[in-house]
K.L.:
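Please find one structure pasted underneath; my questions will follow.
This is a predicted model, so every value here is computed, not measured.
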Amino acid sequence: MGSGKKTWTAVLLATAVLAVTAACGGEGADGEVTLRFSYWGSAARQKMTKEAIKKFEAKNPNIHIEEEFSDFGNYYEMLATKVAGDQAPDVITIEIRGLREYADRGTLADLSSEVDTADIDSKVLATGAIDGKQFAIPTGVNAWSLVLDPKAIKDAGQNLPDDTMWTWEQYIDLAAKITARSGGKVYGTQQAFNPAFLQIFAAQRGESFYDGNKVGISRETLKAWWAVHRKLIRTKGSPDAAKSAELASLSEDRSLFATGSGAMGMWWSNQLGSINKASGGREVDLLRMPKAPDATTGGMFLQPAMFFTASAKSERKAEAAKFIDFMVNDPEAGAIILSDRGLPSNSKVLAAVRDKLPETDKKTLAFLDKIKGELTDSPAAPPKHASAIEAILTRYTNEVLLSRMAPDDAAQKLITEANALIAG
């Protein structure tokens, strides 16, 4: 049996089991309500989430939260199975790339008047709205940034870059010099293929990742982006194409930076703490992304780390909204969760927990405060099927870097395939 048939058989079987055994929330004979809450993450996230749930249940004795937890790799398959089986959890955690797809299916409830959003930045809040309906509440924010080890730069005999004006060519040159000085023991940087990187790169060239319901990035911009990657490989500022592809599939705690064999890399700002911990406490700094010489904007932006949403079919929407409100707006929940789901989106919660944040998170907060006046508007929810675009981007990027496709051909085919997916 082919892998596709196996997957669908497993999904159908799981759907049948769910239809028999699961229930979307419910009320017991004694008036108690059970809410199902789905989320992904590490063991550390699960531990602090359990603690926050206990606090909520203590404040709301009639509401019981039933967790549906998984690692990130299995989360969306699990969620799709439950939604297909008409057994969506009452409260659903989701990323921006899958928001429109689930909202347009009618899976998500409008939370416009159900959750207090007065203390959430309006531009960040708008990322969870579609066609005037607030389907999603941001948990916290982060920014795609450049991470750097100051000691590794100095050990290579180089000065720290002035990130207010450095260019892509200067970034490539610095990476190459670090690798050369270390004799190849420490690479200047680790390659990054995240769509957020391309989005920033495109913004510097006056383009956006999406233009309505189609890709807004030109072939020329894609080729220029790939040229940065290719030159890093050619100058040995980064590992070769095969190793770079392998590293891109690993979490930040297994990166070159975390293992002491890389001086720079690009990650979401809320990953700084885990990078610092995995590296054994190495000093880490966040920098602005390099820019094109003639760019009028750096292109950096705030993005919700994730959203809380509620099922449109839940029989307990009011209780679901109450739980979301607690997780986002209650300082007691904030004191437990801290920055695990991004720096708190609620300004009052952030102020309440600011002094309790670990040092790396305080550094992240200071960095975001410093650059907030330069940030572009947070991108709106991307079109349907955007969750699959990252795989397309990665596939064609690998083809180019491994010299199996010419950049011009790859750029044209990527745009054609992505637009067909979105339209379909």
K.L.:
Would you check if there is a donor-acceptor pair between the side chains of Gln46 and Ser42 at a distance under 3.5 Å?
P.N.:
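The answer is no; no qualifying pair exists.
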
K.L.:
Taking 4.0 angstrom as the limit, do Glu220 and Arg205 come out as a salt bridge?
P.N.:
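Salt bridge between Glu220 and Arg205, a charged N being under 4.0 Å from a carboxylate O: no.
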
K.L.:
Indicate whether the side chain of Asn346 and that of Asn329 have a donor and an acceptor atom separated by less than 3.5 Å.
P.N.:
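Yes.
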
K.L.:
Mind checking whether Phe72 and Tyr76 have parallel, tilted or perpendicular rings, split at 30° and 60°?
P.N.:
perpendicular

K.L.:
Is Lys317 atom NZ crowded by more than 12 heavy atoms from other residues, nucleotides or ligands, each under 6.0 Å away?
P.N.:
yes

K.L.:
Just do the salt bridge (Lys or Arg N to Asp or Glu O under 4.0 Å) check on Lys54 and Glu57 with the steps written out, would you?
P.N.:
CA-CA 5 Å; Lys54 286 181 181 177; Glu57 290 176 338; over 6 Å; no

K.L.:
Decide, yes or no, whether a salt bridge links Glu399 with Arg395 under the criterion of side-chain N to carboxylate O below 4.0 Å.
P.N.:
no

K.L.:
Can you find a side-chain donor-acceptor pair between Ser269 and Asn142 that sits under 3.5 Å?
P.N.:
no

K.L.:
With the threshold set at 4.0 Å, does a side-chain nitrogen-carboxylate oxygen contact exist between Asp90 and Arg36?
P.N.:
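Here Asp90 does not pair with Arg36 in a salt bridge, since their nearest N and O are not under 4.0 Å apart.
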
K.L.:
Check whether the side chains of Tyr171 and Thr189 place a donor and an acceptor atom closer than 3.5 Å, and report yes or no.
P.N.:
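Side chains of Tyr171 and Thr189: pair found under 3.5 Å.
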
K.L.:
Check this for me, if you would: do Glu95 and Arg97 make a salt bridge, where the nitrogen-to-carboxylate-oxygen distance has to be below 4.0 angstrom?
P.N.:
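Salt bridge between Glu95 and Arg97, a charged N being under 4.0 Å from a carboxylate O: yes.
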
K.L.:
Do the ring planes of His229 and Phe193 sit parallel (below 30°), tilted (30 to 60°) or perpendicular (above 60°)?
P.N.:
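Geometry flag for Phe193 against His229: tilted rings.
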
K.L.:
For a quick check under 3.5 Å, do Trp168 and Gln204 share a side-chain donor-acceptor pair by atom type?
P.N.:
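Checked: Trp168/Gln204 side chains pair up, N/O donor to acceptor below 3.5 Å.
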
K.L.:
Between Lys322 and Glu114, is the closest basic N to carboxylate O distance under 4.0 Å?
P.N.:
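Looking at Lys322 together with Glu114, the answer is no, because their closest N to O distance does not fall below 4.0 Å.
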
K.L.:
Using 4.0 Å as the upper bound for N to carboxylate O, is an ion pair formed by Lys59 and Glu332?
P.N.:
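So Glu332 pairs with Lys59 through a salt bridge.
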
K.L.:
Going by distance alone, is a donor N or O of one side chain under 3.5 Å from an acceptor N or O of the other, for Thr49 and Arg341?
P.N.:
yes

K.L.:
Atom NZ of residue position Lys384 - does it have more than 12 heavy atoms of other residues, nucleotides or ligands inside 6.0 Å?
P.N.:
no

K.L.:
Ignoring hydrogens and angles, tell me if any N or O in the side chain of Ser38 forms a donor-acceptor pair with the backbone of Pro89 under 3.5 Å.
P.N.:
no

K.L.:
Does the pair Asp330 and Val349 meet the rule for a side chain to side chain contact (heavy atoms under 4.5 Å, CB included), with working shown?
P.N.:
CA-CA 7 Å; Asp330 195 305; Val349 172; over 6 Å; no

K.L.:
Are Glu417 and Tyr396 linked by a side-chain donor-acceptor pair shorter than 3.5 Å?
P.N.:
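Yes, because at least one side-chain N or O of Glu417 sits under 3.5 Å from a partner of the opposite role on Tyr396.
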
K.L.:
Hey, what's the ring geometry for Phe37 with Phe308, parallel, tilted or perpendicular (30° and 60° as the breaks)?
P.N.:
perpendicular

K.L.:
When you measure from the side chain of Thr221 to the backbone of Ile217, do you find a donor-acceptor pair of N or O atoms at a distance under 3.5 Å?
P.N.:
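Side chain of Thr221 to backbone of Ile217, a donor-acceptor pair under 3.5 Å: no, none is there.
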
K.L.:
Is a side-chain N or O of Trp166 found less than 3.5 angstrom from the main chain of Arg288, in a donor-acceptor match?
P.N.:
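Indeed, once roles are kept as given, a pair shorter than 3.5 Å links the two residues.
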
K.L.:
Do we see a donor-acceptor contact under 3.5 Å between the side chains of Trp226 and Thr397?
P.N.:
yes

K.L.:
Is the ring pair Trp268/Phe301 parallel, tilted or perpendicular, if the boundaries are 30 and 60 degrees?
P.N.:
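Plane angle over 60°, so perpendicular.
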
K.L.:
Is there a donor-acceptor contact under 3.5 Å linking the side chains of Gln134 and Thr117?
P.N.:
no

K.L.:
Just checking, is any N or O donor in the side chain of Tyr39 or Ser70 under 3.5 Å from an acceptor N or O on the other one?
P.N.:
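Not at all, the side chains of Tyr39 and Ser70 share no donor-acceptor pair under 3.5 Å.
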
